[in-house]
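Input: a single structure, listed below in structure tokens.
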Amino acid sequence: MTYRRVSPDFFNGTTEEVASKLLGKILLRNIENQILAGIIVETEAYLDSDDLASHSAVGMTERNRAMFGEAGLAYVYFTYGMHYCFNVVTGEVGKGSAVLIRSIEPKEGIELMKKFRGKNDINTLTKGPARLCQALKIDKRLNGVDLKTSSEIYIAESDLKNFEIVRSRRIGIQKSKEKLLRFYIKNNHFVSKK
DNA sequence: TTATGGATCTTCT
DNA sequence: GAAGATCCATAAA
């Protein structure tokens, strides 16, 4: 299986556009000489203004610095004392916006994902932002990495087409929860929540 | 099947 | 000192 990385201009456009364009694409992880891959089935947009749920709402800090970088960088943060979450940075330099990858459908390297997760259940292998980071061994070392050039982690094209995109409220937030900034592939089993 | 609390630590106030 | 873009085991129903 060969993978074709998306072109650099894939990350241009608004955060909401990138969030919906990421659906159906492949998230690639190159680790221990093996490929881990899955289809992105669920994303959330976090905007640079008028979005109190976004980490960037408080301005740039040491933690969210990557969000303010150029589009196509990875923003990985640690939360709840034990979990990492993976984001794709969007927008102009100096503006803090990103797309949270909430869930992928595992396609390749499933055995290694199970090893990293310490679980054998395929149904919850990569369903949820913290679980997919665990399955792909994503941690803060990947914060700020450029998805346009990195060989460790990047986004690739897929031939998946003809799916329906559903837009809804974001999960697990307290502020700005009324905004419809979550995108997922309709009827996909690996979407974390309906 | 749903509800609850614990884990556990970084960041910001 | 409190809260958090979460997950899991356990308990209750």
Side-chain angles (χ1 to χ4, degrees), chain A residues 11 14-23 27 38 40-69 71 73-91 95-106 110 113-145 147 153 155 165-185 188-194:
Chain A
F11 301 99
T14 68
T15 305
E16 292 172 358
E17 282 168 4
V18 176
S20 76
K21 273 165 49 180
L22 277 167
L23 294 178
L27 178 60
I40 297 171
V41 299
E42 183 180 359
T43 62
E44 284 180 2
Y46 286 87
L47 310 181
D48 62 81
S49 63
D50 194 31
D51 182 5
L52 295 175
S54 173
H55 288 173
S56 62
V58 295
M60 183 159 42
T61 65
E62 183 53 35
R63 180 205 206 190
N64 65 23
R65 182 166 36 88
M67 275 185 97
F68 292 82
L73 298 188
Y75 168 44
V76 180
Y77 67 88
F78 187 74
T79 191
Y80 291 114
M82 56 194 316
H83 295 306
Y84 290 102
C85 294
F86 172 73
N87 299 249
V88 176
V89 175
T90 59
K95 305 251 184 163
S97 53
V99 176
L100 171 70
I101 309 299
R102 280 195 60 86
S103 199
I104 66 175
E105 176 180 340
I110 289 173
M113 291 185 195
K114 287 178 176 174
K115 182 180 149 200
F116 289 150
R117 284 265 302 135
K119 309 271 178 194
N120 280 319
D121 182 8
I122 184 77
N123 294 309
T124 57
L125 197 57
T126 55
K127 185 191 279 191
R131 285 198 273 244
L132 84 83
C133 282
Q134 207 179 4
L136 301 191
K137 215 179 179 68
I138 293 171
D139 60 32
K140 63 184 175 192
R141 289 194 308 268
L142 293 176
N143 189 31
V145 162
L147 301 172
I153 186 163
I155 309 291
I165 294 177
V166 182
R167 188 171 177 150
S168 67
R169 297 150 92 112
R170 292 176 291 185
I171 306 292
I173 57 171
Q174 304 306 317
K175 301 169 186 165
S176 301
K177 54 186 357 172
E178 74 288 351
K179 293 180 186 298
L180 298 178
L181 291 174
R182 173 166 171 258
F183 303 82
Y184 63 89
I185 294 180
N188 185 288
H189 175 65
F190 289 90
V191 171
S192 67
K193 216 169 170 222
K194 294 298 175 206

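Reminder, nothing fancy here: chain letters follow the sequence lines and each chain counts from 1.
Shown for residues 172-181 of chain A: residues whose heavy atoms fall under 4.0 angstrom of DNA chain C, namely A:Gly172, A:Ile173, A:Gln174. Contacts of residues 98-106 of chain A with DNA chain B (heavy atom under 4.0 Å): none.
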Test side chain to side chain contact (heavy atoms under 4.5 Å, CB included) on A:Phe11 and A:Leu147; report intermediate values, then the result. CA-CA 10 Å; A:Phe11 301 99; A:Leu147 301 172; 4.3 Å; yes
Would you please test A:Val41 and A:Ile104 for side chain to side chain contact (heavy atoms under 4.5 Å, CB included) and show each step? CA-CA 5 Å; A:Val41 299; A:Ile104 66 175; 5.7 Å; no
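Rounded to whole Å, atom P of B:dT11 lies 10 Å from atom OH of A:Tyr84. In this structure, CZ of A:Arg63 is placed 12 Å from P of B:dT13, rounded to the nearest angstrom. Nucleotide B:dG5 holds its C1' atom 13 Å from the CE atom of A:Met82, rounded to whole Å. For the pair A:Tyr77 OH and B:dT10 P, the interatomic distance rounds to 16 Å; values are reported in whole Å. Distance, A:Tyr80 OH to B:dG6 P: 16 Å, rounded to whole Å.
Checked by atom type, the side-chain pair A:His55/A:Asn87 shows no donor-acceptor distance below 3.5 Å. A donor-acceptor contact closer than 3.5 angstrom links the side chains of A:Arg182 and A:Ser168. Between the side chains of A:Thr90 and A:Ser97, a donor-acceptor pair is found at a separation under 3.5 Å.
More than 12 non-hydrogen atoms from other residues, nucleotides or ligands lie less than 6.0 angstrom from CG of A:Asp121. Atom NZ of A:Lys179 has more than 12 heavy atoms from other residues, nucleotides or ligands within 6.0 Å.
Scanning both residues, A:Lys127 and A:Ser103, for their nearest heavy atoms gives CA-OG, 3.2 Å.
For the P atoms, the distance linking B:dG5 with C:dA3 amounts to 16 Å, nearest Å. One P atom belongs to C:dA2, the other to B:dG6, and the distance between them is 16 Å to the nearest Å.
Cation-pi check for A:Arg170 over A:Phe183 is not met; the charged atom does not lie both under 6.0 angstrom from the ring centroid and within 45 degrees of its normal.
Put simply, the side chain of A:Asn64 never gets that close to the backbone of A:Gly96: no donor and acceptor are under 3.5 Å apart. Within the 3.5 Å criterion, the main-chain N or O of A:Ala45 finds no donor-acceptor partner in the side chain of A:Glu16.
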Show me the dot-bracket string of DNA chain C, counting Watson-Crick or G-U pairs under 3.5 Å, with | for pairs to another strand and [ ] for crossing ones. ||||.|||||||.
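Between A:Thr79 and A:Asn64, it is A:Thr79 whose nearest contact on DNA chain B lies nearer the 5' terminus.
Regarding contacts with the backbone of C:dA5, every side-chain N or O of A:Arg131 stays at 4.0 angstrom or more from both OP1 and OP2. For A:Lys119, a side-chain nitrogen or oxygen approaches OP1 or OP2 of C:dA9 to under 4.0 Å.
Note on A:Arg170: nothing from the nucleic acid sits closer than 4.0 angstrom, heavy atoms only. Using a 4.0 Å heavy-atom distance criterion, A:Arg169 is classed as making no nucleic acid contact. Backbone-only engagement by A:Ala130 is indicated by non-hydrogen atom pairs under 4.0 Å involving sugar-phosphate atoms exclusively.
Minimum atom distance to the side chain of A:Phe78 is reached by B:dT10, of the listed C:dC8, B:dT10, C:dA5.
Under the 30°/60° scheme for interplanar angles, the aromatic rings of A:Tyr77 and A:Tyr75 are found to be tilted.
C:dA5 has A:Tyr46 stacked on its base ring, the centres lying under 5.5 angstrom apart and the planes within 30 degrees of parallel.
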